[in-house]
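As the structure is a computational prediction, the values presented were derived from the model and not from experiment. Throughout, protein chains are lettered first and strands after them, A, B, ... in sequence-line order, and every chain is numbered starting at 1.
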There are 2 protein chains.
Amino acid sequence: MRYTPSVTHYVESSGLPADVYSAKCPTREVLDHIAGKWTVLIVDALAERTLRYTELRRRIEGISQKMLTQTLRQLEADGFVTRTAYPTVPPQVEYTLTPLGHSLRSPIAALREWVEAHINDIERARQSR
Amino acid sequence: MRYTPSVTHYVESSGLPADVYSAKCPTREVLDHIAGKWTVLIVDALAERTLRYTELRRRIEGISQKMLTQTLRQLEADGFVTRTAYPTVPPQVEYTLTPLGHSLRSPIAALREWVEAHINDIERARQSR
DNA sequence: CTGAATCCCTGAGGATACTG
DNA sequence: CAGTATCCTCAGGGATTCAG
């Protein structure tokens, strides 16, 4: 049962309303992808400009090769990121946001900025317990 | 090393700049909390109004008791949600967003709305591979 | 109704080594 | 440089049961 959405979108493949609260709606899976720690950081990093594999690795402190590659592949599959490989020696691979990926910039950046802006409120809330 | 943030906030407990890209910055952990599938759905559900435990469970299709309780506890600890128990029989427990939690509404809702608005673009991107 | 407690299992994710 | 391949660990998270 759907609540009172401000705007109702429809999933073309099923004809049903797009609803993240519905377990089977494909939006739920996408939300899981986007609401992943690494996804947020990668998309936000690429928001500024195209980056190479190693640049991403250095920028996102603490990410492992495995998770970086894996998350990039998923972002590619979802159509958020384009991978461009130049057949040079040594190889050079660039990652860029697609137009779809760019449209994600704003909500993702808002999330990052909110966290950075409210970290002190949160730490205070934690201590008063 | 920090890039070019639009605004720099500081973590009072350390005096260092708030930076989700830094592995040890406390903002990273908070981002992990917020960027969880259940967190997004719970905060978004509570954005509209106070809800009882069972109401939340019904609203968020597919969530288990364990994850609902666990995520609510974390939201409480982070200061996003208030838990109010009425000593009635049967018990009644209400969950409400705190002012801090309310400030999260906008970025969270933006994320949900983005997903619902772009699900068709994403499904198309997936098929063309 | 609102949980807490327990069991269990899959998969997220790190570490390391190897390759074109 | 940009990965792939393995191994391994641990925690996320489901299912079930019990309780105030």
*Which part of the nucleic acid does A:Tyr95 contact within heavy-atom distance under 4.0 Å: base, sugar-phosphate only, or nothing?*
sugar-phosphate
Donor-acceptor pairs under 3.5 Å, side chain of residues 29-36 of chain B to any protein atom, not counting sequence neighbours: which ones?
from	atom 1	to	atom 2	distance (Å)
B:Asp32	OD2	A:Lys37	NZ	3.4
B:His33	ND1	B:Asp78	OD2	2.7
B:His33	NE2	B:Gln74	NE2	3.2

Students should find that the nucleotides of DNA chain D closing off the region near chain B, any atom under 4.0 angstrom from a heavy atom, are D:dG13 to D:dG20
Tell me whether the OP1 or OP2 atom of C:dG3 has a side-chain N or O from B:Arg83 closer than 4.0 Å.
-> yes
note: B:Met67, atom CE; C:dT10, atom P; distance rounded to Å ~ 18 Å
Would you call A:Arg52-A:Glu55 a salt bridge at under 4.0 Å N-O?
no
When rounded to whole Å, the CG to P distance for the pair A:Leu41 and C:dG13 reads 12 Å
Exercise: do A:Thr84 and A:Glu94 side chains pair donor with acceptor under 3.5 Å = no
Between B:Cys25 and B:Ala18, the two heavy atoms sitting closest are SG-CA, 3.9 Å
Shortest non-hydrogen pair, A:His118 vs B:Ser103, comes out as NE2-OG, 3.6 Å
* **B:Glu61 bridged to A:Lys24 by N-O distance under 4.0 Å** => no
Here the distance between atom C1' of C:dA5 and atom CD of B:Gln70, to the nearest Å, is 13 Å
When rounded to whole Å, the CG to C1' distance for the pair B:Leu68 and C:dA4 reads 13 Å
Fill in: Ring center gap for B:Tyr21 and A:Trp38 short of 6.0 angstrom
no
Taken to the nearest whole Å, CZ/A:Arg73 to C1'/C:dA12 is 18 Å
Separation between CD1 (A:Ile108) and CG (B:Leu111), nearest 0.5 Å, reads 6.0 Å
Checklist entry - Looking at side-chain heavy atoms only, is the closest gap between A:Asp19 and B:Glu116 below 4.5 Å? => result yes
5' to 3', nucleotides 15-20 of chain C under a 4.0 Å protein heavy-atom cut-off (B base, S sugar-phosphate only, - none) gives --B--B
Separation of C:dG13 atom P from A:Glu61 atom CD, nearest Å, is 18 Å
In whole angstroms, the gap separating C1' of C:dG13 from NZ of A:Lys37 amounts to 9 Å
Which part of the nucleic acid, if any, lies within reach of B:Arg52 when heavy atoms closer than 4.0 Å are counted: base, sugar-phosphate only, or nothing?
sugar-phosphate
